[in-house]
Amino acid sequence: MSQLNQVCYRGIEREDSYTLAAYQAIGGYSAWRKILEEKTDRNQIIEVIKASGLKGRGGAGFSTGLKWSFVDKNNPKQKFLVCNSDEGEPGTCKDTLILSKNPHQLLEGMAICAYVMGATKAYNYMRGEFFLQYQRCEQALNDAISAGLLGKNCLGTGVDVEIFNILGAGSYIVGEETAMLESLEGKRAQPRYKPPFPAVSGLYGMPTIINNTETLASVPVILEKGAEWFAQLGTKGSGGTKIFCVSGHVNQPGVFEVPMGIAFSELLEMAGGVRKGRKLKAVIPGGTSMRILSANKTLSMRMDYEDIAKMGSALGSGGVIIMDDSTCMVQALCHMMRFYEEESCGQCTPCREGSGWVYKILKDMVSGKARPDAVEQLYTVAKKIEGRTICAFGEAISWPVTSFIDTFREEFDYIVANQGKSWVESQVAGAHARAFGWHAKDNRDAS
Amino acid sequence: MSSQIIHERLASAIDQWVNKFPKGEQKSATLMALRLVQEEYRWLEQPHLDAVAEYLKLPKIDVYEVASFYSMYQHQPVGKHLVKVCTSLSCCLNGAYGVVEYLEGKLNIQCGQTTKDGRITLQETECLAACAGAPAICVDDKFYHENVTAQTIEKMIRPLIEEGA
């Protein structure tokens with residue numbers, strides 16, 4: 001069995017893991033202290049992060065070290081670091097645990113990144129509902145400031161790193177990095193055109209780096225234990241560990257920080273396997289914005305960037321959603337697309353209008369009112385959104401819709417030809433009640 | 001006038017957020033100012049928005065834009081407590097619509113409505129980042145209830161109904 005919780009979830013089994021004392025007892029803030037004492041060369045830290053293979057854990061998977069190197073540290077302008085703790089990708093529930101159980105490690109990672117890029121101010125943007133997580137982060141921040149570790153003149157070295165915890169107000173698209181900057185500026189969270197990239201012109205027009213919570217919380221451990229140690233936990237192109245959130249039709253849904261490249265089958269086993277009495281039908285491996293995979297593609301799949309891409313999807317945010325054989329794919333997609341229709345920021349026409357049409361056609365299919373050519377129409381609308389929007393939200397509509405149809409075409413044709421009757425229902429009596437029903441929690445029995 | 005709506009206590013709470021941002025960037029505090037005002041008055045009407053604009057010295061349109069964009073702002077009268085059921089995919093796969101139906105029956109209202117006594121408003125919400133605890137409910141935009149069953153919902157609802165006015 002793969003070893004759990006070696007990086008971001010290090011130490012969280014302790015009841016008081018979120019306290020400064022508990023964090024320091026396991027070596028917390030030692031990387032930060034060393035940097036402050038030795039005035040470590042910034043480029044040296046960037047090289048370590050590059051060598052570790054750490055990539056952005058929020059979904060895009062971009063090399064963290066490379067991202068850090070884009071900010072010109074000699075630029076005299078005020079620079080900003082932003083931590084993306086907006087966690088909103090459906091199927092993803094990993095950062096919430098870092099915020100509530102290991103906030104100091106995140107703060108230490110933020111301090112290190114801020115130091116490297118020469119930012120004296122950093123914002124940790126949490127989604128609006130993370131009120132308790134916010135309180136934990138505030139407590140941690142205050143304790144770290146009192147201990148002289150953060151704030152102005154850290155440990156008397158003249159280094160300033162002021163961190164501020166921020167709360168949102170309900171918006172999925174805030175998770176897009178430039179939308180988050182707009183939101184921090186007190187505006188609608190509408191993604192910006194790129195270029196200019198945030199490293200050049202970000203928050204208030206100043207050089208800015210935006211990293212995901214899991215990415216930043218990985219940094220202190222990498223510096224403590226070395227790039228080599230981290231890289232070797234994972235696979236060649238995917239260094240380190242990844243937190244996977246396994247939800248849906250499994251016996252014991254949960255959040256698992258495991259080495260990259262773990263077999264999908266092992267991860268599924270950790271989550272107690274597919275619900276009692278049912279067979280695996282499909283998997284969304286990286287949050288609902290990613291393409292769906294049929295069960296047979298996942299049999300020998302490894303959970304890293306490369307192998308999931310080879311199967312035709314992406315690791316994304318690590319939100320792994322499991323669906324069993326009672327699930328009607330048309331209904332599942334309809335539920336998903338209600339979300340995207342609701343959350344489109346409305347800025348780009350293909351996404352604003354397209355998300356509405358996609359949801360409408362799917363609702364028509366489910367209620368038996370769809371036109372005979374509805375499947376083609378749905379596919380065409382979704383396909384035409386891809387690549388025609390400012391941000392990746394367009395793909396987040398297009399990829400699921402087209403992959404659901406490509407993989408489960410017969411279910412879409414069947415529901416249109418049979419006035420809303422689901423193909424799965426024709427195969428498994430009572431399928432809808434099983435797939436979307438509310439079952440006793442003690443056994444999650446859906447047989 | 002803004003001073004009637006944004007009284008001293010509210011003003012000092014808003015100021016704490018203004019101070020998190022660089023000088024002159026008080027616009028950044030709009031989101032939290034609206035939230036604090038909403039926590040005080042339960043839902044936002046135009047005078048509330050105007051008061052925030054006046055207090056932060058912003059054009060009214062800037063505040064209207066924010067208020068109409070983010071989903072946590074309520075623009076219609078709502079109850080003392082908000083009960084939001086997550087209906088994103090992982091929760092759907094674990095019976096979220098069964099949860100909605102159960103609450104509709106229990107509270108004798110439709111989703112989106114408020115109980116006659118004005119205590120509870122029932123709403124659907126998007127992914128709460130509690131997928132491993134599906135089905136999940138968020139109360140008052142702050143308090144999570146995960147793996148909910150009929151029994152735990154009873155326990156969750158009782159204090160909301162019975163607590164002193």
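As a basis for the values below, the full set of heavy atoms in this structure was taken, side chains included, without hydrogen atoms, waters or symmetry mates. Chain letters run A, B, ... following the sequence lines, proteins first and then strands; every chain starts at 1.
For the options A130(B), C138(B), P22(B), heavy-atom pairs under 4.5 Å to chain A are most numerous at P22(B). Of the listed residues (Q133(A), R338(A), M336(A)), the one with the most heavy-atom contacts under 4.5 Å to chain B is R338(A). If you tally non-hydrogen atom pairs under 4.5 Å between each of D62(B), L58(B), L128(B) and chain A, the highest count goes to L128(B). Per-residue heavy-atom pair counts under 4.5 Å with chain B were compared for C245(A), G168(A), G128(A), and the maximum is reached by G128(A). Between chain B and the residues Y204(A), F164(A), F436(A), the most heavy-atom pairs under 4.5 angstrom are made by Y204(A). With chain B as the partner, the residue from G346(A), S247(A), G319(A), G254(A) showing the most heavy-atom pairs under 4.5 Å is S247(A). In terms of heavy-atom pairs under 4.5 angstrom with chain B, the leader among A433(A), G88(A), A435(A) is A435(A). When the candidates E343(A), Q78(A), K121(A), E162(A) are compared by the number of heavy-atom contacts under 4.5 Å with chain B, E343(A) comes out ahead. If you tally non-hydrogen atom pairs under 4.5 Å between each of S71(B), A96(B), A29(B), A33(B) and chain A, the highest count goes to S71(B). Heavy-atom pairs under 4.5 Å with chain A were tallied for T30(B), D141(B), L56(B); the largest tally goes to D141(B).
Using a cut-off of 4.0 Å between Lys/Arg side-chain N and Asp/Glu carboxylate O, E257(A) and K94(A) are scored as not salt-bridged.
Of all non-hydrogen atoms in N84(A) and G175(A), the two that sit nearest each other are ND2-O, 2.8 Å. Of all heavy-atom pairs spanning V99(B) and V148(B), the tightest one is CG2-CG2, 4.0 Å. Taking both residues in full, the closest heavy atoms of C345(A) and P191(A) are given as SG-CD, 3.9 Å, listed atom of the first, atom of the second, then distance.
Both the backbone and the side chain of S183(A) come within contact range of chain B, with heavy atoms under 4.5 Å apart. Heavy atoms closer than 4.5 Å to chain B are found nowhere in A271(A), neither backbone nor side chain. In this structure, chain A has heavy atoms under 4.5 Å from both the backbone and the side chain of F21(B). Contact of I321(A) with chain B is made through the side chain alone, with heavy-atom distances under 4.5 Å. Looking at A332(A), both its backbone and its side chain come within 4.5 Å of chain B, counting heavy atoms on both sides. Both the backbone and the side chain of C92(B) come within contact range of chain A, with heavy atoms under 4.5 Å apart. With a 4.5 Å cut-off on non-hydrogen atoms, T92(A) touches chain B through its backbone but not through its side chain. When heavy atoms are compared at a cutoff of 4.5 Å, I322(A) approaches chain B solely by way of its backbone atoms N, CA, C and O. In this structure, chain A has no heavy atom under 4.5 Å from any part of E101(B). With a 4.5 angstrom heavy-atom cutoff, Y123(A) touches chain B only via side-chain atoms.
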Handout entry: Criterion ring-ring contact (aromatic ring centres under 6.0 Å, His included) on F244(A) and F256(A), from CA distance to verdict
Key = CA-CA 5 Å; F244(A) 292 105; F256(A) 310 94; 9.2 Å; no

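Judged purely by atom type and a 3.5 angstrom limit, T208(A) uses its side chain to pair as donor or acceptor with the backbone of M206(A). Listed for the H48(B) side chain is a donor-acceptor partner under 3.5 Å among the backbone atoms of E45(B).
Looking only at atom types and distance, the side chain of E124(B) has a donor-acceptor partner in the side chain of T87(B) under 3.5 Å away. Residues Q123(B) and Q74(B) bring a donor and an acceptor atom of their side chains to less than 3.5 Å of each other. Y172(A) and S289(A) share a donor-acceptor pair across their side chains, judged by distance under 3.5 Å alone.
L82(B) pairs with exactly one of T121(B), T125(B), L160(B), V139(B) by the side chain to side chain contact (heavy atoms under 4.5 Å, CB included) rule, that one being T121(B).
Ring pair Y102(B)/W438(A): centre-to-centre distance below 6.0 Å.
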